[in-house]
There are 2 protein chains.
Amino acid sequence: MGDVARLAGVSAKTVSNYFNGYRYMREDTRQRIEAAITELDYRMNLSARNLRSGKTGMIMLAIAELDQAYLAEFAQTVVNKAEELGLGVLIETTGGRREREVEVLEGSRGRNVDGVIYEPVALGAEDISKHHGGFPLVLMGEKVLGGPFDHVTMPDEAGTRTAVSHLVDLGYQNIALIGTSATKESPGQALRRKGYIDALTAGGLEVREHIMVATKRWHRPDGADAMNRLLDSGEQVDAVFAMNDALALGAMWAAEQRGLRIPHDIAFVGFDDTEDATYSIPSLTTVSPGRDALARAAVTALHRRISDPHYVPGEAPIVTDYELIMRKSTPPLAPR
Amino acid sequence: MGDVARLAGVSAKTVSNYFNGYRYMREDTRQRIEAAITELDYRMNLSARNLRSGKTGMIMLAIAELDQAYLAEFAQTVVNKAEELGLGVLIETTGGRREREVEVLEGSRGRNVDGVIYEPVALGAEDISKHHGGFPLVLMGEKVLGGPFDHVTMPDEAGTRTAVSHLVDLGYQNIALIGTSATKESPGQALRRKGYIDALTAGGLEVREHIMVATKRWHRPDGADAMNRLLDSGEQVDAVFAMNDALALGAMWAAEQRGLRIPHDIAFVGFDDTEDATYSIPSLTTVSPGRDALARAAVTALHRRISDPHYVPGEAPIVTDYELIMRKSTPPLAPR
DNA sequence: GTGAAAGCGCTAACAT
DNA sequence: ATGTTAGCGCTTTCAC
């Protein structure tokens, strides 16, 4: 920057003013600076600016994994929105593993970005308060009581309840659940399980532990695997609610592999409304949880928290609207 | 860091040595430092380290979009591999738009990371040399002649040729191509188109411009749209090679919507071997281009370039092995 | 409207 | 094996 100043015949401070949009500057000064920048092909050293200003212009997005359509689409929207606000996005993935989640919360990178959008999977609310190092944080999922965090959350419970109730209304009586956890339940899992149980209860149906199937992850192979176990069990099943679209599509595929006719023999419902749910054969009924709005809300809240020192995180979660998207995988149940 | 040094009764330099793994240090010194760090809950200020050392410990991954399964899976592997090497990954998306691609190449963020992995879509080789600001760069796609860049590339041409030849061998005679460009062709597009044409020619089949269909992007809706236009055209088609899996799955869906039986009436082949190709109904024959190996190779090459000042980028591209994965969407052609 | 000087928190180079 | 000095390239403060 010194070089630019010298070439333009001004001080470094004036060049700095130029970059920071300082308003009072003579037109000829501005032009000389611009000419010098072009001439020298100068780019500001962000490390130096960061050191001095205490800001980095970057936020971190810490999620379980990118190779899950929902999270990839979420990340895409976060990157776009951040770009609008002049922020870069550093992506860390945790694989949903507790150890990595703690690392992210305690590590130095978290304190060296302006803020973090964080999706806890293995970590509970207490853990987060305990391990958190004091940087601006927006949580995806449950509220951490007392923590100074914004939190954005999908309508997990209500969305699931609506979807399962829809199956009940269509006449299905043996509705399986795919995607529970054999070990520690994540917040989203707990809420979706609750929505499922409530809908069955409200519909006067029995809640059967044997048709609630745990999976390790939430990818297609897990869904296929779960479906195979379900069919092997001999339990009667006429519909499946899966905790996300990938599980539902994997389950549907496994059922078809075994010679069942979809959706005639078994109906399927997913959650997320990722692109592949529209284009599966048959197309998949699913819950659209307002993904883009949520991602934008997360970035906006974080940005406000970063740039306004008086900003106080909202007590209430930011929840988006959801919508049940009805497609061909859930026909009205024909009398058997 | 000064605080830590004071509390531990050593100089700042010794604390710095501690963080940088300097080997010669008395055990009790080390322990006093560790105690002080814990006591103060100290985390290093990376901006200061970056300013001083001229490195940031971050690389940038500049790709078209994250909400494309192939790129999301690629990004996931890049993040993992970078993490292994102690590097953070800043993700920028360009949407494949020329203007954004230039911005990324010229902007200040590129000069403020240690290196960049870059996927040009709209930008040609000349553009890249012209706009590049001198930072370590690994390109995905074609070789930029004379540029000091490593480049990693999928076996676009050979993979496509093999896939289309397979259709020819099975007896298909009217093989459409989905995913060409109406405007400027990207490197990958050009190579896949060439592979397609070569395979047809080698098989003694006519190359028909009318069954080569352009799409705006490479997502499912684009594939569906292209398939509809193809079917509306009245051209005879018994198989489709799509430039990626998403296009193939969208096209397959559209054909099914119109009452065609898949794969009996039309066979489909994709490219990428994303997870959804395994679990579609019917499962999709596709080219597996060694995605993970490629992502790891890209990070490794960049890391070497960053850390070894004598490293000279290879002349030859890093190409991975590919494999044709045969599934149910391409049965041997029964005599009609 | 612009300049001069100080200093953000680290590490390279050298000293001990 | 550890301490001292200087300075990375910016922005802040205050003076002009």
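Residue numbering restarts at 1 for every chain, and letters A, B, ... go by the order of the sequence lines.
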Residues two or more places apart in sequence or in another chain: which of them pass ring-ring contact (aromatic ring centres under 6.0 Å, His included) with A:His219?
-> none

Of all heavy-atom pairs between A:Asp150 and A:Tyr311, which one has the smallest distance, and what is that distance?
-> OD2-OH, 3.0 Å

Measure the distance from CG on A:Asp28 to C1' on C:dG1 and round it to the nearest whole Å.
-> 11 Å

A:Thr29 side chain N/O closer than 4.0 Å to the phosphate oxygens (OP1, OP2) of C:dT2?
-> yes

Quick one: does A:Arg98's side chain have a donor or acceptor within less than 3.5 Å of a partner on A:Leu123's backbone?
-> no

Boundaries of the DNA chain D segment in contact with chain A, non-hydrogen, under 4.0 Å = D:dG9 to D:dT13

How close or far is atom C1' of C:dC10 from atom OH of B:Tyr18, stated in whole angstroms?
-> 17 Å

Could you check whether A:Asn50 gets within reach of a base, just the sugar-phosphate, or nothing at all, counting any heavy atom under 4.0 Å?
-> nothing

Could you check how far CZ of B:Phe19 sits from P of C:dA12, rounded to whole Å?
-> 15 Å

Passes side chain to side chain contact (heavy atoms under 4.5 Å, CB included), A:Val299 versus A:Leu85? Steps please.
-> CA-CA 9 Å; A:Val299 179; A:Leu85 298 171; 3.8 Å; yes

More than 12 foreign heavy atoms under 6.0 Å from NZ of A:Lys216: is that the case here?
-> no

Report the distance from atom CZ of A:Arg30 to atom P of C:dG1, rounded to the nearest whole Å.
-> 12 Å

Going by heavy atoms in the side chains, are A:Leu90 and A:Ile59 under 4.5 Å from each other?
-> no

Report the distance from atom CE of A:Met25 to atom P of C:dT2, rounded to the nearest whole Å.
-> 6 Å

Criterion side chain to side chain contact (heavy atoms under 4.5 Å, CB included) on A:Lys55 and A:Asn50, from CA distance to verdict = CA-CA 5 Å; A:Lys55 300 209 172 285; A:Asn50 298 345; 5.8 Å; no

All N/O pairs under 3.5 Å across the protein-nucleotides 3-5 of chain C interface:
unit_1, atom_1, unit_2, atom_2, d
C:dG3, OP2, A:Ser11, N, 2.6
C:dG3, OP2, A:Ser11, OG, 3.0
C:dG3, OP2, A:Thr14, OG1, 2.6

Listed once per pair and sorted, the side chain to side chain donor-acceptor pair (under 3.5 Å) pairs that draw on residues 292-310 of chain B, sequence neighbours left out | B:Thr77-B:Asp292

Would you kindly give the CG-to-C1' distance between B:Leu51 and C:dA12, to the nearest whole Å?
-> 13 Å

Hey, which of these two, B:Ser53 or B:Tyr24, hits DNA chain D nearer its 5' end, going by closest nucleotide?
-> B:Tyr24

In numerical order, the residues of residues 36-45 of chain B whose heavy atoms come under 4.0 Å of DNA chain C are B:Tyr42, B:Met44, B:Asn45

Atom pair distance, as rounded to whole Å: CG in B:Leu46 and P in C:dC8 = 18 Å

Would a distance-only check, ignoring hydrogens and angles, find a side-chain to backbone donor-acceptor pair under 3.5 Å from A:Arg100 to A:Thr93?
-> yes

Please collect all ring-ring contact (aromatic ring centres under 6.0 Å, His included) contacts where either partner lies in residues 35-63 of chain B, sequence neighbours excluded, each pair once.
-> B:Phe19-B:Tyr42

Can you check whether A:Gly141's main-chain N or O pairs, donor with acceptor, with A:Glu119's side chain at less than 3.5 Å?
-> no

